[in-house]
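Working notes for the structure below.
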Amino acid sequence: MRIVIDRLRDKQTLSVEEYRELLACTDAEVTNYLHDEARKVTLSRFGNRIYIRGLIEISNCCRNNCLYCGIRKGNVNVERYRLSKSIILDCCAKGYALGFRTFVLQGGEDVAETDDWVEDIIASIRAAYPDCAITLSLGEKTRDAYLRFYRAGANRYLLRHETFDALHYRCIHPKEMSIENRLQCLQWLKEIGYQIGTGMMIGSPHQTIDHLVQDIKYIERLHPQMIGIGPFVPHRDTPFGNEQPGSVEMTLKLLSVFRLMNPDALIPATTALATLDKKGREHGILAGANVVMPNLSPRADRKKYELYNDKAFLKAEAAEGLSMLRKQLAAIGYEVAVDRGDYQHINNRQTKSV
Ligand code: SAH
């Protein structure tokens, strides 16, 4: 297996069969080797600097009914909220003062947030913070909306494909949603010139190793600038409320695979990982991740953006907890980076006009 890992590191690709073998392998020595090699690649590309992104959860209203998600339309127990423009700008101001230079606006697909409204928010943040990156994670929109947001000043877009396999996609989404549309959106975002991020949950119901291999192969072809993965965590008020959570070990293994496959990618140690394992963030970084996304949302609203049970939003998961985060990172030999942390190669190579 070590030879396979070395080849992944040197050639950044493996065959379907080799990926399957690597994911199925439970030998601890092999796994440790995989993490060590991935960590070395991260250190050689980025040093020991971890990028921070300030996450602002702008709305928990959603028109979709994804079977895994706690803020799905059908969950009547959610206290719904939508941040106003002035509150969003306050969150940015607070984040800027703390040292954040990337703001991530994430939310459900809230029909009350019109394209005009989103465009206006982006333009206002862009005008106030010309030195910051604006990342959006607002789900599926029209090509025209993506283009308008980009022209208003957004730079990056996170849209996990969730699962590449069409049948599996249908098992975890309502029938109105399709993998075709999800992939189309990612294609549009890429064409427009966004730095794009995609990814999936690990251990979502009905997921198999073959599905994960299809996901890896898709991400290999797409070559996104950001790759976000985290374990599935059940939410009590969803149809998957009684399912088992995803595996932390498999998530860490995939973090390392993605690092070796795409050395320059920005890969977060996600909140879901930190929720299932209190050392999850550190383990994620030691497996090759190089981004963390502390929560900048207003404190009173954080618990309402509950995608899954017991989602972490306190202590080092909170933007105010930056000193704790710094300490945790220092304990494993890392520090917080203060710059924007764009995808270096793309940034130097291309400035795409639209
Ligand atoms: N509406 C946006 C943002 C979704 S929330 C969009 O469609 O992209 C961000 C991510 O949280 C999702 O892409 C999903 O992968 C993850 N997520 C949702 N429910 C989850 C759960 N129960 N466990 C783990 N991750 C979950």
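Every heavy atom of this structure was used, including side-chain atoms; hydrogens, water molecules and symmetry mates were not. One is the number of the first residue; the rest follow in order along the sequence. Just follow the structure's listing: the first ligand is 1, and inside any ligand the first atom is 1.
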Inset, instruction - Please verify whether a non-hydrogen atom of Arg182 lies at under 4.0 Å from ligand 1. - result: yes
Legend entry - atom 22 (N) of ligand 1: nearest protein contact (heavy atom, Å): Val233 O, 2.7 Å
Inset, instruction - Could you point out which residue of Asn64, Thr238, Val78 forms a side-chain contact (heavy atoms from CB on, under 4.5 Å) with Arg72? - result: Thr238
Legend entry - Closest approach of any protein heavy atom to atom 16 (C) of ligand 1, naming residue and atom: Arg160 NH1, 3.7 Å
Inset, instruction - Please confirm whether Pro234 comes under 4.0 Å of ligand 1, counting heavy atoms of the residue only. - result: no
Inset, instruction - Kindly assign one of parallel, tilted or perpendicular to the pair Phe46 and Tyr51, based on the angle between their ring planes and the thresholds 30° and 60°. - result: perpendicular
Inset, instruction - Please verify whether a non-hydrogen atom of Pro231 lies at under 4.0 Å from ligand 1. - result: yes
Inset, instruction - Examine His235 together with Tyr68 and report whether their ring centres are nearer than 6.0 Å. - result: no
Legend entry - Test applied, salt bridge (Lys or Arg N to Asp or Glu O under 4.0 Å); reference residue, Arg63; option that passes from Glu176, Glu109, Glu140: Glu109
Legend entry - Stepwise ring-ring contact (aromatic ring centres under 6.0 Å, His included) test for Tyr218 and His161: CA-CA 10 Å; Tyr218 166 65; His161 68 286; 5.0 Å; yes
Inset, instruction - Indicate the atoms forming the closest heavy-atom contact of Asp165 with His168, along with that distance. - result: OD1-N, 2.9 Å
Legend entry - Axial cation check for Phe100 ring with Arg53, 6.0 Å and 45° limits: no
Legend entry - Minimum-distance protein heavy atom relative to atom 17 (N) of ligand 1: Met201 SD, 4.0 Å
Legend entry - Distance, nearest 0.5 Å, that separates NE2 of His211 from CG of Leu167: 7.0 Å
Inset, instruction - Look at atom 2 (C) of ligand 1 and find which of Gly107, Gly108, Ser59 reaches it with the closest heavy atom. - result: Gly107
Legend entry - Interfacing atoms of ligand 1 (cut-off 4.0 Å, heavy-atom, Cys69): 19 (N)
Legend entry - Closest protein heavy atom to atom 13 (O) of ligand 1, given as residue, atom name and distance to 0.1 Å: Glu162 OE2, 2.5 Å
Legend entry - Protein contact to atom 11 (O) of ligand 1 [nearest heavy atom, distance to 0.1 Å]: Leu307 CD1, 3.6 Å
Legend entry - Check: Tyr308 N/O within less than 3.5 Å of ligand 1 N/O: no
Inset, instruction - Could you check whether the rings of His173 and Tyr169 sit parallel, tilted or perpendicular, using 30° and 60° as the cut-offs? - result: parallel
Inset, instruction - State whether any protein heavy atom lies less than 4.0 Å from atom 4 (C) of ligand 1. - result: no
Legend entry - Leu159: numbered ligand 1 atoms lying under 4.0 Å from its heavy atoms: 8 (O)
Inset, instruction - Check whether any N or O atom of Ser137, backbone or side chain, sits under 3.5 Å from an N or O atom of ligand 1, and answer yes or no. - result: no
Inset, instruction - Step by step, work out the side-chain contact (heavy atoms from CB on, under 4.5 Å) result for Arg281 and Leu325. - result: CA-CA 10 Å; Arg281 192 198 343 258; Leu325 175 65; 3.6 Å; yes
Inset, instruction - Consider ligand 1: state whether an atom of it lies below 4.0 angstrom from any non-hydrogen atom of His235. - result: no
